[in-house]
Amino acid sequence: MRHDMFPLSPSLWAATAVPPPPTSAIDASRRADVLVIGGGYAGLSTALHLAQRGIDVVLLEAREIGFGGSGRNGGQVIPGLKHDPDDLLRMYGQERGANLIRFAGSTADLVFDLIDSHGMDVPRVRQGWIQGAHTPQALRVAQQRAEQWRRHGVAARTLDKAQAAALLGTERYLGGWLDPRAGSIQPLSYVRGLARAAIDAGATVYTDTPVDRLQRSGTDWVATTTAGATVTAARVVMCTNAYGADLWPGLQPSIIDANTFQVATQPLPESIRASILPQGQVCSDTRNLLLYFRLDHQGRLLMGGRGPFREPRGQDDWAHLERVMVKMYPQVAGVPYEYRWCGRVAITRDYLPHLHEPAPGLLIDIGCQGRGVGLQTAMGKAMAAYVATGDHAELPVPVSPIKGFPLYALRRLYVNAVVTWYRMRDGGM
Ligand SMILES: Cc1cc2nc3c(=O)[nH]c(=O)nc-3n(C[C@H](O)[C@H](O)[C@H](O)COP(=O)(O)OP(=O)(O)OC[C@H]3O[C@@H](n4cnc5c(N)ncnc54)[C@H](O)[C@@H]3O)c2cc1C
């Protein structure tokens, strides 16, 4: 794991989350049936669902619960994948494609069910997600997307310009569609709630415990931590995503670990708040370099989007988002910004989550492209079922070989060039 990662603490979520359950670093070597590496949604959901099956599971987290994307994201709980249902049927065939559509369509349900069934203290709203269309062509695609989901039983609505403006409180979009399955949460409170639920179910969770090495020993795996203690287990599930792909040889070049940035205003006065997303939806748009925005549970306006590939150097790295926020919502001009933070997503070649099994007993889950709150929670549940039963049919996507991006060493140049190109196509943002 890299040591220069932007800390979690300046984020809005760190300032407003429920406390984490008490955990500590590992202090002695031990065994477990299953070792999970990474304390985000994927790892903790895997641990929770394994423990609920009575399996002895140990989870090792390098820093703190939710240190990765799970404690930093926009808190938009959006079902589905980047690919539309018709694409999934084309890519995977009727049976597997239909299973994947069902799986992806139910990820938000799982998040809200887990919050309710475990009594998690997580601020949440479930009023749907709006995808705002920024060009006539994007509007056509959004309308087709809604139509495809309607064919799968979802009460998806298409929105014309006036309807979108009424729901969003900005005239910037030509229309869009609304997915009623979606909603918003406080993401760090949710991942801490998952940790508490996993521990209550019998999982052992260690924090401040980076795994430095993962090695085969006979039919077992041995994970050696920075402090020297080891965990030996027959099965390992690696859920380090964009924050620790370097743990397994060849995995890092299979993702682009791009940074995405967010700002949040101070809580808005009621007069302004009522004019923005008045019905409580969350929104992201159809740009290649998408913008995502929502209100939080205390009435702050959050705006997220692209940022430099490197770690941030100062407030200027968020200035473009602050400009866009005021263009979109002129009524917030002059309201101070209270929080600025960022985090890394793991972009895969096909924009899908990847599962790899590079050696017997080792399962790797990687890839998150903006739907990870629901998706990685659901991946964790599916991986637990697979580890418990050995049945590959439990997994929503096929296990695939690890494949690197071509010209990976040039990725910074490549990402910067792609960002410049997309900015031009997106109209300057
Ligand atoms: C800024 C931002 C905004 C986003 N917005 C949204 C959104 O609104 N909606 C949405 O659905 N998705 C969003 N996402 C994506 C979503 O947050 C991720 O897909 C999801 O959190 C990934 O969960 P995960 O458990 O797979 O990985 P992570 O949460 O990244 O967890 C990986 C964990 O592994 C740990 N780790 C790494 N290496 C080691 C090691 N060697 N030993 C032990 N532990 C290790 C890390 O410390 C980390 O805690 C966003 C992401 C970011 C960064």
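We count ligands from 1, going down the list as the structure has it; atoms in each ligand are counted the same way.
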Handout entry: Donor + acceptor pair across side chains of Thr232, Trp221 (<3.5 Å)
Key = no
Handout entry: Any side-chain donor near an acceptor of the partner, Asp212 and Thr226, under 3.5 Å
Key = yes
Handout entry: Test: Arg181 cationic atom under 6.0 Å from Trp149 six-membered ring centre, within 45° of axis
Key = yes
Handout entry: No-hydrogen, no-angle side-chain donor-acceptor test under 3.5 Å, Gln131 and Arg145
Key = yes
Handout entry: Tyr292 and Asn73 side chains, donor-acceptor separation under 3.5 Å
Key = no
Completion exercise
Counting only non-hydrogen atoms and a 4.0 Å cut-off, the residues near ligand 1 are Met1, Ile37, Gly38, Gly39, Gly40, Tyr41, Ala42, Leu60, Glu61, Ala62, Phe67, Gly68, Gly69, Ser70, Arg72, Asn73, Gly74, Gly75, Gln76, Thr209, Pro210, Val211, Cys239, Thr240, Asn241, Tyr243, Gly244, Thr260, Gln262, Tyr292, Gly343, Arg344, Val345, Cys368, Gly370, Arg371, Gly372, Val373, Gln376
Validation: residues 14-28 side-chain donor-acceptor distances under 3.5 Å, sequence neighbours left out:
| unit_1 | atom_1 | unit_2 | atom_2 | d |
| --- | --- | --- | --- | --- |
| Thr16 | OG1 | Leu12 | O | 3.0 |
| Thr16 | OG1 | Gln186 | NE2 | 3.0 |
| Thr23 | OG1 | Thr207 | OG1 | 2.8 |

